[in-house]
Amino acid sequence: MKDWDITITGVLFGALLKGKPEDCYPKQKMIELFEFMKAAKSINIYNHALLELGIFKVVIYDYSFPFTKGENVQAYEIKCKSDDAFELLIKDEKENVL
């Protein structure tokens, strides 16, 4: 079955609206998001619309941090594919050979 392509877009906000970039920019949130995105494993997803489609897990294959106007704001875009869990059964054809 074909996987679904899913794009997630969002924005991270720093605590201060204006000031020094090191005080305004959401640096810690960016670090946490980046670490999450570069993990090479499937991720459980909880979204009502996706659950209705039978999508419970996704795998991130691309992400970006586009330019965002403002000192305390950083946009992000995450590209995912749905990931189905499956069990693999291997049968030995030579099992009954003498």
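If you read the sequence from its start, that first residue is 1, and numbering goes on from there. Because only heavy atoms are used, hydrogens play no part in the values below, and waters and symmetry mates are left out as well, while side chains stay in.
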* **NZ or CZ of Lys81 within 45° of Tyr61 ring axis and under 6.0 Å** => yes
* Any chance you could lay out the side-chain contact (heavy atoms from CB on, under 4.5 Å) test for Tyr76 and Val11, step after step, and finish with the verdict? => CA-CA 6 Å; Tyr76 60 88; Val11 179; 5.6 Å; no
* Structure fact -> Heavy atoms of Phe36 and Ile60 approach each other most closely as O-CD1, 4.5 Å
* **side-chain contact (heavy atoms from CB on, under 4.5 Å) assessment of Asp23 paired with Asn72** => CA-CA 8 Å; Asp23 296 332; Asn72 70 327; over 6 Å; no
* **Side-chain touch Ile8/Glu77, heavy atoms, less than 4.5 angstrom** => no
* To do: Show the numbers, then the answer: is there a side-chain contact (heavy atoms from CB on, under 4.5 Å) between Ile43 and Val59?
  => CA-CA 6 Å; Ile43 300 165; Val59 175; over 6 Å; no
* Asked: Do the side chains of Phe56 and Asn44 get nearer than 4.5 Å, heavy atoms only?
  -> no
* Asked: Just by modelled atom types, is the Ala75 backbone N or O under 3.5 Å from a matching donor or acceptor in the Thr68 side chain?
  -> yes
* Ile55 and Ile6, any side-chain heavy atoms less than 4.5 Å apart -> yes
* Under 3.5 Å donor-acceptor, Lys18 side chain and Glu71 backbone -> no
* **Atom pair NZ/CG of Lys38 and Leu33 - distance to nearest 0.5 Å** => 12.0 Å
* Structure fact -> Scanning both residues in full, the closest heavy-atom pair of Gly14 with Pro26 reads N-CB, 3.8 Å
* Heavy-atom closest pair, residues Lys29 and Phe13 -> NZ-O, 2.8 Å
* Asked: What are the two closest heavy atoms between Val58 and Cys80, and how far apart are they?
  -> CB-CB, 3.9 Å
* Asked: Can Gln74 and Tyr25 be counted as having a side-chain donor-acceptor contact under 3.5 angstrom?
  -> yes
* Closest non-hydrogen atom pair between Lys79 and Thr7, with its separation -> CG-OG1, 4.3 Å
* To do: Kindly indicate, with the supporting measurements, whether the criterion side-chain contact (heavy atoms from CB on, under 4.5 Å) is fulfilled by Leu12 and Val73.
  => CA-CA 6 Å; Leu12 299 174; Val73 183; over 6 Å; no
* ILVMFWY cluster, Leu51 and Leu53 together (side-chain gap under 4.5 Å) -> no
* To do: Report the relative orientation of the aromatic rings in Phe65 and Phe34; use parallel for angles under 30°, tilted for 30 to 60°, perpendicular for over 60°.
  => tilted
* To do: Spell out, as yes or no, whether a donor-acceptor pair under 3.5 Å connects the side chain of Ser64 to the backbone of Asp62.
  => no
